[in-house]
Amino acid sequence: MSTTADPLAALGALPGVAESVESVRKAVDRVYGHRIMRRRSNAVTSEAALRAARGSAALSGADWALEEVRRRSDFGTDDEARMMGAALRLTAEAGQLLSIWRQSPLRVLARLHLVAAASDESRVGRPRQAGEAVDEPLIELPLPDAREVSGRLDGLADLIIAGSSAPALVTAAVVHGELLALRPFTSHNGLVARAAERIVLIGSGLDPKAICPAEVGHAEQGRAEYLAALEGYVSGTPEGMAAWIAHCGRAVEFGVRESTAVCEALQRGAA
(Lines give C-alpha, C1' and ligand atoms only; values in the text may rest on other atoms or scores of the structure.)
Protein backbone atom coordinates (compact mmCIF):
# COMPACT_ATOMS: atom_id res chain seq x y z
CA MET A 1 0.00 0.00 0.00
CA SER A 2 1.21 3.53 -0.71
CA THR A 3 3.14 5.45 1.93
CA THR A 4 1.53 8.80 1.05
CA ALA A 5 -0.39 10.78 3.68
CA ASP A 6 -3.63 9.38 2.28
CA PRO A 7 -2.89 5.90 0.92
CA LEU A 8 -6.57 5.17 0.27
CA ALA A 9 -6.79 8.21 -1.99
CA ALA A 10 -3.67 6.98 -3.78
CA LEU A 11 -5.47 3.72 -4.54
CA GLY A 12 -8.31 5.74 -6.00
CA ALA A 13 -5.89 7.08 -8.59
CA LEU A 14 -4.96 3.61 -9.90
CA PRO A 15 -5.78 2.95 -13.57
CA GLY A 16 -9.40 1.93 -14.03
CA VAL A 17 -10.50 2.68 -10.46
CA ALA A 18 -12.08 6.04 -11.29
CA GLU A 19 -14.18 4.34 -13.96
CA SER A 20 -15.35 1.71 -11.45
CA VAL A 21 -16.23 4.41 -8.93
CA GLU A 22 -18.21 6.40 -11.48
CA SER A 23 -20.06 3.33 -12.74
CA VAL A 24 -21.05 2.40 -9.19
CA ARG A 25 -22.20 5.93 -8.39
CA LYS A 26 -24.43 6.06 -11.47
CA ALA A 27 -25.92 2.65 -10.70
CA VAL A 28 -26.66 3.60 -7.09
CA ASP A 29 -28.19 6.90 -8.14
CA ARG A 30 -30.51 5.09 -10.54
CA VAL A 31 -31.97 2.73 -7.94
CA TYR A 32 -32.33 5.54 -5.40
CA GLY A 33 -34.25 7.46 -8.03
CA HIS A 34 -36.78 4.65 -8.53
CA ARG A 35 -40.22 5.92 -7.65
CA ILE A 36 -40.96 2.98 -5.35
CA MET A 37 -38.18 4.31 -3.09
CA ARG A 38 -40.30 7.33 -2.25
CA ARG A 39 -43.03 5.18 -0.73
CA ARG A 40 -41.63 1.80 0.22
CA SER A 41 -37.93 2.20 0.88
CA ASN A 42 -38.20 0.27 4.16
CA ALA A 43 -39.50 -2.77 2.31
CA VAL A 44 -36.61 -2.57 -0.17
CA THR A 45 -34.12 -2.25 2.68
CA SER A 46 -35.55 -5.30 4.46
CA GLU A 47 -35.46 -7.42 1.33
CA ALA A 48 -31.93 -6.25 0.50
CA ALA A 49 -30.76 -7.28 3.98
CA LEU A 50 -32.17 -10.78 3.56
CA ARG A 51 -30.51 -11.17 0.17
CA ALA A 52 -27.24 -9.76 1.49
CA ALA A 53 -27.16 -12.36 4.25
CA ARG A 54 -27.92 -15.14 1.79
CA GLY A 55 -25.11 -14.00 -0.50
CA SER A 56 -22.55 -13.70 2.28
CA ALA A 57 -23.42 -17.12 3.69
CA ALA A 58 -23.15 -18.66 0.20
CA LEU A 59 -19.54 -17.47 -0.05
CA SER A 60 -18.84 -19.14 3.30
CA GLY A 61 -20.28 -22.48 2.23
CA ALA A 62 -24.00 -22.22 3.00
CA ASP A 63 -25.44 -21.70 -0.47
CA TRP A 64 -29.20 -21.81 0.17
CA ALA A 65 -32.05 -20.73 -2.06
CA LEU A 66 -33.55 -17.41 -1.03
CA GLU A 67 -36.92 -18.99 -0.29
CA GLU A 68 -35.25 -21.50 2.02
CA VAL A 69 -33.70 -18.63 3.99
CA ARG A 70 -37.06 -16.91 4.12
CA ARG A 71 -38.86 -20.05 5.25
CA ARG A 72 -36.49 -21.30 7.93
CA SER A 73 -36.62 -20.26 11.57
CA ASP A 74 -34.14 -22.74 13.05
CA PHE A 75 -30.52 -21.88 12.27
CA GLY A 76 -28.77 -24.09 14.80
CA THR A 77 -29.23 -27.60 13.44
CA ASP A 78 -26.01 -28.07 11.43
CA ASP A 79 -22.94 -26.19 10.19
CA GLU A 80 -24.66 -24.66 7.16
CA ALA A 81 -27.66 -23.55 9.18
CA ARG A 82 -25.40 -21.98 11.80
CA MET A 83 -23.47 -20.15 9.07
CA MET A 84 -26.71 -18.80 7.64
CA GLY A 85 -27.86 -17.72 11.07
CA ALA A 86 -24.56 -15.93 11.63
CA ALA A 87 -24.92 -14.09 8.30
CA LEU A 88 -28.45 -12.99 9.18
CA ARG A 89 -27.36 -11.73 12.60
CA LEU A 90 -24.45 -9.80 11.13
CA THR A 91 -26.56 -8.11 8.50
CA ALA A 92 -28.97 -6.95 11.18
CA GLU A 93 -26.18 -5.85 13.51
CA ALA A 94 -24.20 -3.86 10.93
CA GLY A 95 -26.69 -1.02 10.86
CA GLN A 96 -26.44 -0.60 14.63
CA LEU A 97 -22.69 0.01 14.54
CA LEU A 98 -22.40 2.87 12.05
CA SER A 99 -21.85 5.58 14.67
CA ILE A 100 -19.06 3.61 16.36
CA TRP A 101 -17.15 2.60 13.22
CA ARG A 102 -15.32 5.88 12.53
CA GLN A 103 -14.27 6.28 16.18
CA SER A 104 -13.43 2.68 17.07
CA PRO A 105 -13.32 0.27 14.12
CA LEU A 106 -11.53 -2.44 16.10
CA ARG A 107 -14.32 -2.41 18.66
CA VAL A 108 -16.82 -2.85 15.84
CA LEU A 109 -14.89 -5.76 14.35
CA ALA A 110 -14.77 -7.45 17.75
CA ARG A 111 -18.51 -6.98 18.09
CA LEU A 112 -19.14 -8.42 14.64
CA HIS A 113 -17.16 -11.53 15.52
CA LEU A 114 -19.05 -11.94 18.78
CA VAL A 115 -22.35 -11.71 16.93
CA ALA A 116 -21.25 -14.14 14.23
CA ALA A 117 -19.77 -16.74 16.56
CA ALA A 118 -22.58 -16.49 19.13
CA SER A 119 -20.31 -18.04 21.73
CA ASP A 120 -18.76 -17.05 25.04
CA GLU A 121 -15.46 -18.81 24.32
CA SER A 122 -12.44 -16.74 25.31
CA ARG A 123 -11.13 -16.59 21.73
CA VAL A 124 -14.32 -14.97 20.43
CA GLY A 125 -14.44 -11.21 19.94
CA ARG A 126 -10.69 -10.61 19.86
CA PRO A 127 -7.91 -11.04 17.29
CA ARG A 128 -6.34 -14.48 17.29
CA GLN A 129 -3.22 -15.10 19.30
CA ALA A 130 -0.04 -16.94 18.37
CA GLY A 131 -0.68 -20.65 17.86
CA GLU A 132 -4.45 -20.38 17.51
CA ALA A 133 -5.90 -22.11 14.46
CA VAL A 134 -8.22 -20.40 12.00
CA ASP A 135 -11.34 -22.13 10.73
CA GLU A 136 -11.70 -20.56 7.27
CA PRO A 137 -11.39 -23.50 4.87
CA LEU A 138 -12.61 -21.71 1.75
CA ILE A 139 -9.74 -19.20 1.79
CA GLU A 140 -6.42 -20.97 1.22
CA LEU A 141 -4.07 -18.01 1.03
CA PRO A 142 -1.02 -17.90 3.32
CA LEU A 143 -2.04 -16.94 6.86
CA PRO A 144 -0.22 -13.99 8.45
CA ASP A 145 1.04 -14.59 11.96
CA ALA A 146 -0.59 -12.99 15.00
CA ARG A 147 2.00 -10.22 15.28
CA GLU A 148 1.48 -9.13 11.67
CA VAL A 149 -2.28 -9.28 12.15
CA SER A 150 -2.08 -6.97 15.16
CA GLY A 151 0.08 -4.41 13.36
CA ARG A 152 -1.99 -4.36 10.21
CA LEU A 153 -5.27 -4.13 12.12
CA ASP A 154 -3.92 -1.12 13.98
CA GLY A 155 -2.86 0.41 10.67
CA LEU A 156 -6.29 -0.17 9.15
CA ALA A 157 -7.98 1.36 12.18
CA ASP A 158 -5.72 4.41 11.99
CA LEU A 159 -6.67 4.95 8.34
CA ILE A 160 -10.38 4.76 9.12
CA ILE A 161 -10.18 7.07 12.12
CA ALA A 162 -8.05 9.61 10.24
CA GLY A 163 -10.52 9.70 7.37
CA SER A 164 -9.75 9.84 3.68
CA SER A 165 -10.73 11.66 0.54
CA ALA A 166 -10.93 8.28 -1.22
CA PRO A 167 -14.29 7.22 -2.69
CA ALA A 168 -16.41 4.96 -0.50
CA LEU A 169 -15.93 2.06 -2.90
CA VAL A 170 -12.16 2.20 -2.46
CA THR A 171 -12.35 2.32 1.34
CA ALA A 172 -14.90 -0.49 1.45
CA ALA A 173 -12.81 -2.67 -0.86
CA VAL A 174 -9.66 -2.15 1.22
CA VAL A 175 -11.44 -2.93 4.49
CA HIS A 176 -12.95 -6.05 2.97
CA GLY A 177 -9.73 -7.21 1.34
CA GLU A 178 -7.52 -6.54 4.34
CA LEU A 179 -9.78 -8.51 6.68
CA LEU A 180 -9.89 -11.45 4.30
CA ALA A 181 -6.13 -11.35 3.85
CA LEU A 182 -5.50 -11.22 7.60
CA ARG A 183 -8.28 -13.50 8.83
CA PRO A 184 -7.82 -11.88 12.25
CA PHE A 185 -10.30 -14.09 14.10
CA THR A 186 -10.35 -17.82 14.65
CA SER A 187 -13.59 -18.17 12.65
CA HIS A 188 -16.21 -16.31 10.56
CA ASN A 189 -13.67 -13.96 8.95
CA GLY A 190 -15.42 -13.94 5.58
CA LEU A 191 -18.75 -12.98 7.12
CA VAL A 192 -17.10 -10.29 9.24
CA ALA A 193 -15.18 -8.85 6.27
CA ARG A 194 -18.32 -8.56 4.17
CA ALA A 195 -20.26 -7.02 7.07
CA ALA A 196 -17.49 -4.44 7.50
CA GLU A 197 -17.65 -3.62 3.79
CA ARG A 198 -21.39 -3.16 4.24
CA ILE A 199 -20.82 -0.74 7.14
CA VAL A 200 -18.44 1.39 5.04
CA LEU A 201 -20.82 1.57 2.08
CA ILE A 202 -23.74 2.59 4.28
CA GLY A 203 -21.88 4.89 6.65
CA SER A 204 -20.07 6.72 3.84
CA GLY A 205 -23.36 7.88 2.38
CA LEU A 206 -22.96 5.92 -0.85
CA ASP A 207 -25.80 3.58 0.19
CA PRO A 208 -27.40 5.18 3.26
CA LYS A 209 -30.58 3.09 3.10
CA ALA A 210 -28.67 -0.19 2.67
CA ILE A 211 -30.41 -1.15 -0.56
CA CYS A 212 -27.36 -2.05 -2.68
CA PRO A 213 -26.16 -5.35 -1.17
CA ALA A 214 -22.61 -5.98 -2.38
CA GLU A 215 -22.81 -9.43 -0.78
CA VAL A 216 -25.27 -10.42 -3.50
CA GLY A 217 -22.82 -9.35 -6.17
CA HIS A 218 -19.86 -11.11 -4.62
CA ALA A 219 -21.84 -14.34 -4.55
CA GLU A 220 -23.23 -13.88 -8.05
CA GLN A 221 -19.76 -13.44 -9.52
CA GLY A 222 -18.86 -16.78 -7.97
CA ARG A 223 -16.45 -17.99 -5.32
CA ALA A 224 -13.67 -18.68 -7.85
CA GLU A 225 -13.71 -15.13 -9.17
CA TYR A 226 -13.97 -13.76 -5.63
CA LEU A 227 -10.87 -15.65 -4.54
CA ALA A 228 -8.97 -14.76 -7.71
CA ALA A 229 -9.69 -11.07 -7.13
CA LEU A 230 -8.62 -11.43 -3.50
CA GLU A 231 -5.30 -12.87 -4.65
CA GLY A 232 -4.83 -9.65 -6.60
CA TYR A 233 -5.37 -7.64 -3.44
CA VAL A 234 -2.96 -9.79 -1.45
CA SER A 235 -0.31 -9.39 -4.16
CA GLY A 236 -0.16 -5.67 -3.37
CA THR A 237 0.58 -4.78 -6.99
CA PRO A 238 -1.22 -1.80 -8.54
CA GLU A 239 -2.87 -4.11 -11.07
CA GLY A 240 -3.98 -6.55 -8.37
CA MET A 241 -5.35 -3.82 -6.12
CA ALA A 242 -7.22 -2.21 -9.01
CA ALA A 243 -8.69 -5.59 -10.00
CA TRP A 244 -9.96 -6.17 -6.46
CA ILE A 245 -11.54 -2.72 -6.28
CA ALA A 246 -13.19 -3.30 -9.66
CA HIS A 247 -14.49 -6.65 -8.44
CA CYS A 248 -16.03 -4.95 -5.41
CA GLY A 249 -17.53 -2.30 -7.69
CA ARG A 250 -19.18 -4.95 -9.83
CA ALA A 251 -20.52 -6.54 -6.66
CA VAL A 252 -22.25 -3.30 -5.70
CA GLU A 253 -23.67 -2.99 -9.22
CA PHE A 254 -25.05 -6.53 -9.03
CA GLY A 255 -26.59 -5.57 -5.70
CA VAL A 256 -28.17 -2.54 -7.35
CA ARG A 257 -29.60 -4.78 -10.06
CA GLU A 258 -31.06 -7.07 -7.41
CA SER A 259 -32.77 -4.23 -5.56
CA THR A 260 -34.00 -2.69 -8.80
CA ALA A 261 -35.78 -5.99 -9.46
CA VAL A 262 -37.26 -5.81 -5.95
CA CYS A 263 -38.49 -2.27 -6.67
CA GLU A 264 -40.09 -3.42 -9.92
CA ALA A 265 -41.79 -6.33 -8.16
CA LEU A 266 -43.14 -4.04 -5.42
CA GLN A 267 -44.36 -1.60 -8.06
CA ARG A 268 -46.23 -4.34 -9.92
CA GLY A 269 -47.79 -5.49 -6.67
CA ALA A 270 -48.95 -1.98 -5.86
CA ALA A 271 -50.44 -1.45 -9.29
Side-chain angles (χ1 to χ4, degrees), residues 11 14 16-17 19-21 23-24 27 48-66 69 79-80 83-84 86-88 90-91 94 109 112-113 116 134-144 152 156 168-185 187-201 206-207 212-259:
L11 292 177
L14 290 174
V17 170
E19 290 82 354
S20 294
V21 168
S23 181
V24 166
L50 185 70
R51 295 178 185 220
R54 194 216 73 80
S56 191
L59 286 167
S60 288
D63 193 359
W64 289 11
L66 183 62
V69 182
D79 288 347
E80 284 197 9
M83 187 66 71
M84 185 62 69
L88 288 165
L90 280 180
T91 303
L109 294 175
L112 291 173
H113 189 238
V134 175
D135 181 13
E136 206 75 38
L138 300 177
I139 300 177
E140 299 178 351
L141 294 169
L143 190 67
R152 286 173 62 176
L156 181 63
L169 173 64
V170 173
T171 303
V174 168
V175 168
H176 184 171
E178 192 70 357
L179 292 174
L180 285 180
L182 294 177
R183 282 146 288 163
F185 302 107
S187 65
H188 299 90
N189 291 287
L191 294 183
V192 169
R194 291 183 288 275
E197 179 188 50
R198 179 179 183 83
I199 288 171
V200 174
L201 293 172
L206 177 65
D207 182 22
C212 307
E215 300 93 333
V216 169
H218 289 303
E220 191 160 334
Q221 292 178 85
R223 189 180 299 144
E225 189 168 335
Y226 183 65
L227 295 178
L230 176 61
E231 287 182 5
Y233 177 86
V234 172
S235 75
T237 65
E239 296 80 9
M241 299 291 283
W244 171 250
I245 294 167
H247 174 89
C248 292
R250 289 191 297 274
V252 176
E253 291 187 66
F254 277 119
V256 166
R257 188 178 70 181
E258 189 88 352
S259 286

Between H113 and S187, is any pair of side-chain heavy atoms under 4.5 Å apart? yes
L88/V69 under side chain to side chain contact (heavy atoms under 4.5 Å, CB included): CA gap, chis, key distance, verdict: CA-CA 9 Å; L88 288 165; V69 182; 4.2 Å; yes
Determine, stepwise, if the pair L191 / M83 fulfils side chain to side chain contact (heavy atoms under 4.5 Å, CB included). CA-CA 9 Å; L191 294 183; M83 187 66 71; 3.4 Å; yes
Can you give me the closest heavy-atom contact between A196 and L112, atom names plus distance? N-CD1, 4.2 Å
Let me confirm one number: the OG-CZ distance from S259 to F254, rounded to the nearest 0.5 Å. 14.0 Å
Starting at OG of S60, measure out to CZ of R223 and round the result to the nearest 0.5 Å. 8.0 Å
Under the side chain to side chain contact (heavy atoms under 4.5 Å, CB included) test against V24, which residue among V252, V256, L201 passes? V252
Qualifying residue, where the test is side chain to side chain contact (heavy atoms under 4.5 Å, CB included) with Y233 and the options are L180, L141, V174: V174
At what distance, to the nearest 0.5 angstrom, does CG of N189 lie from CG of L109? 10.0 Å
Measuring from L156:CG to E178:CD, what's the distance to the nearest 0.5 Å? 6.0 Å
Before you tell me yes or no, could you show the steps for D63 and R54 under side chain to side chain contact (heavy atoms under 4.5 Å, CB included), namely the whole-Å CA-CA distance, both residues' side-chain angles and the distance that decides it to 0.1 Å? CA-CA 7 Å; D63 193 359; R54 194 216 73 80; 3.0 Å; yes
Under 3.5 Å, which donor-acceptor pairs link side chains of residues 212-222 to any protein atom two or more places apart or in another chain?
{"from": "H218", "atom 1": "ND1", "to": "H247", "atom 2": "NE2", "distance (Å)": "3.2"}
{"from": "H218", "atom 1": "NE2", "to": "E197", "atom 2": "OE1", "distance (Å)": "3.1"}
{"from": "H218", "atom 1": "NE2", "to": "E197", "atom 2": "OE2", "distance (Å)": "3.3"}
{"from": "E220", "atom 1": "OE2", "to": "R257", "atom 2": "NH2", "distance (Å)": "2.1"}
{"from": "Q221", "atom 1": "OE1", "to": "H247", "atom 2": "ND1", "distance (Å)": "3.3"}
{"from": "Q221", "atom 1": "OE1", "to": "R250", "atom 2": "NE", "distance (Å)": "3.1"}
{"from": "Q221", "atom 1": "NE2", "to": "G217", "atom 2": "O", "distance (Å)": "3.3"}
{"from": "Q221", "atom 1": "NE2", "to": "H247", "atom 2": "O", "distance (Å)": "3.3"}

Could you give the distance from OG1 (T237) to CH2 (W244), rounded to the nearest 0.5 Å? 14.0 Å
Between R51 and E258 (salt bridge meaning N to carboxylate O under 4.0 Å), is one present in this structure? yes
Check G177 against L230 and note the closest heavy-atom contact, atom names and distance. O-CD1, 4.0 Å
With rounding to the nearest 0.5 angstrom, report the CZ to CD1 distance, R183 to I139. 6.0 Å
Quick one: does R194's side chain have a donor or acceptor within less than 3.5 Å of a partner on A52's backbone? no
Are the side chain of E136 and the backbone N or O of G190 linked by a donor-acceptor pair below 3.5 Å? yes
Considering the options V200, I245, V17, which one meets the side chain to side chain contact (heavy atoms under 4.5 Å, CB included) requirement together with L169? I245
So does A87 get a backbone contact from the side chain of H188, meaning a donor-acceptor N/O pair under 3.5 Å? no
L206 and A168: which non-hydrogen atoms are nearest, and at how many Å? CB-CB, 4.0 Å
Where do T91 and A49 come nearest, in terms of heavy atoms and distance? CG2-O, 3.4 Å
